[in-house]
2 protein chains.
Amino acid sequence: MSVRVVLVDDHPVVRAGLSALISGTDDLEVVGEAHDLATARSVVAATRPDVVLMDLDLGEGPGGAAVTAELRALDEPPRVLVLTTYATEADILRALDAGASGYLLKDAPAPELFAGIRATARGETVLAPSVAATLVRRAASPGPVVTEREVAVLELLAQGLGNREMAKELFVSEATVKSHLSHIYTKLGVDTRAGAVAAAIERRIIRR
Amino acid sequence: MSVRVVLVDDHPVVRAGLSALISGTDDLEVVGEAHDLATARSVVAATRPDVVLMDLDLGEGPGGAAVTAELRALDEPPRVLVLTTYATEADILRALDAGASGYLLKDAPAPELFAGIRATARGETVLAPSVAATLVRRAASPGPVVTEREVAVLELLAQGLGNREMAKELFVSEATVKSHLSHIYTKLGVDTRAGAVAAAIERRIIRR
DNA sequence: CCCGGCATCATCCGATCGGCTATCCGACGG
DNA sequence: CCGTCGGATAGCCGATCGGATGATGCCGGG
């Protein structure tokens, strides 16, 4: 009774690698692969896997978090184990919020990956050490944490948008954007837009 | 007489994937793997491969470009084919400057990858279409490169300094700072300070 | 020898930003 | 039921920015 796994990753090389690694075990089995949302939907529906290994960066189209959310909305949803390269606070929160059961990094050694898949199949939550650290830091610090909305502002800010443009993009008024910015400055300990972008990238709140 | 290949990538998954893919051919052969500079050095010395498949982002420590440069400095250097995820202009230039014979992206289909390895072994130069396009675009335009002074401004800018403060720091007038900023905006294709910081970090003009 | 790129500086002015104060609302928890 | 928090909104005002325009001096390549 092996654990049935579906791979979702836009890189053929990575899918082949995971396939090769997993085929070397006797209790894990790859039953399907997908490179985008549409394919993932149909493959999961057809194969009903125990665990979906999900990359967050799928190139064009919806990202892994969106795919995760959609898969988790199914009747008997598969457990989703995120396996990706980056781990900004925003990435992690978005993925877990979408219903992922775990979050591992691609530089994990194979045995750890296997253990993670098995644990996920059993319903446990697995987190890479650095991801756990990020979550702990976030939980432990009584300190200021940027809110979801503020992250959105930061992402637009990094694209060089002005307040008016951000407001339009976020469907709020310019006053609201300024309010968010003020909070961001306080929380990041800066007092300019440029400084906020640098600090946000530094702390991996956003990525480039 | 098969082509002997060494893999350099910090992700076990990717190495396994490439290994699996390459073992499916009858004229290519993986003779070694490495995940960092030190390992790459000894593995290449021991196996003397025809081609090294090089990832640029090796996590901690020296990047793939540095490893490439070091390998190319050997007596009978192997040809190096870069195989990576991202392809910013800076990445490409650094890699080619370090002596890489080609630059492919990880989302390339397997047959293309195999063809690239064979071509590299023959001494040809292989470039992914998007990489070629980037180089062409650059060659076509007498490309703007940020000057030393402009980099200095960018670094201060990323610290959130205002024009007056930058001027004081650089021992120039505020007008000069503004002049530099204007040039920076033009060269980076942005029109705000925040955008300039993001673009500069993205292109690795400044480091965080 | 002249041109172009780089660095420097100046002035002007409209647009934008940043800081401040204040209000309102829904959600969550004590 | 009340306090707190995230989020949205408003107005005000001085400081700053961004763009336009123009000028000077130096240096290196054609």
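Letters A, B, ... mirror the listed sequences (proteins, then strands); counts begin at 1.
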Novice: Measure CG/Leu181(A) against P/dT16(C) and give the value in whole Å, please.
Specialist: 15 Å
Novice: So what does His180(A) touch, heavy atoms closer than 4.0 Å: a base, only the sugar-phosphate, or nothing?
Specialist: sugar-phosphate
Novice: Report yes if at least one side-chain N or O of Thr147(A) is closer than 4.0 Å to OP1 or OP2 of dG7(D); otherwise report no.
Specialist: yes
Novice: Using side chain to side chain contact (heavy atoms under 4.5 Å, CB included) as the criterion, point out the one residue from Val67(A), Leu83(A), Thr84(A), Leu81(A) that pairs with Met54(A).
Specialist: Val67(A)
Novice: Below 4.0 angstrom from OP1 or OP2 of dT9(D), is there any side-chain N or O of Thr176(A)?
Specialist: yes
Novice: State whether the side chain of Glu165(B) and the backbone N or O of Gly162(B) hold a donor-acceptor pair below 3.5 Å, judged by distance alone.
Specialist: yes
Novice: Could you go through Glu60(A) and Asp36(A), starting from their C-alpha distance and side-chain angles, then the distance that decides it, and tell me whether this counts as side-chain contact (heavy atoms from CB on, under 4.5 Å)?
Specialist: CA-CA 8 Å; Glu60(A) 303 304 302; Asp36(A) 62 9; over 6 Å; no
Novice: Consider the side chain of Ser173(A), meaning its heavy atoms from C-beta on, and name the nucleotide among dA10(D), dT8(C), dG19(C) that approaches it most closely.
Specialist: dA10(D)
Novice: Phe171(B) CZ to dT8(C) P: how many Å, rounded?
Specialist: 12 Å
Novice: Which part of the nucleic acid, if any, lies within reach of Ser179(A) when heavy atoms closer than 4.0 Å are counted: base, sugar-phosphate only, or nothing?
Specialist: base
Novice: Which nucleotide wins on minimum distance to the side chain of Tyr185(B), given the candidates dG19(D), dC9(C), dG19(C)?
Specialist: dG19(D)
Novice: Do Ser2(A) and Asp27(A) have side-chain atoms, one donor and one acceptor, less than 3.5 Å apart?
Specialist: no
Novice: According to a strict under-4.0 Å criterion, is Asn163(B) in side-chain N/O contact with OP1 or OP2 of dT16(D)?
Specialist: no
Novice: Can you tell me the distance, in whole Å, between the CZ atom of Arg193(A) and the C1' atom of dC17(D)?
Specialist: 11 Å
Novice: Over how many whole Å does the gap from His183(B) atom NE2 to dC6(C) atom P extend?
Specialist: 9 Å
Novice: Quick one: Glu174(B) CD to dT16(D) C1', roughly how many Å, whole number?
Specialist: 8 Å
Novice: Using a distance-only test with no angle check, is there a side-chain donor-acceptor pair under 3.5 angstrom linking Ser173(B) and Thr176(B)?
Specialist: yes
Novice: Between C1' on dC25(C) and CZ on Arg149(A), what's the gap in Å once rounded to a whole number?
Specialist: 15 Å
Novice: Would you classify Thr192(B) as touching base, sugar-phosphate or nothing, given that sugar-phosphate means primed atoms plus P, OP1 and OP2, and contacts are heavy atoms under 4.0 Å?
Specialist: sugar-phosphate
Novice: If you pin Lys178(B) and Glu148(B) to their nearest nucleotides in DNA chain C, which one's is more 5'?
Specialist: Glu148(B)
Novice: Would one find a side-chain N or O of Arg164(A) under 4.0 angstrom from OP1 or OP2 of dC17(C)?
Specialist: no
Novice: Please report the distance, rounded to the nearest Å, between NZ in Lys187(A) and C1' in dG19(C).
Specialist: 17 Å
Novice: Nearest whole Å is fine: how far is dA15(C) P from Asp191(B) CG?
Specialist: 15 Å
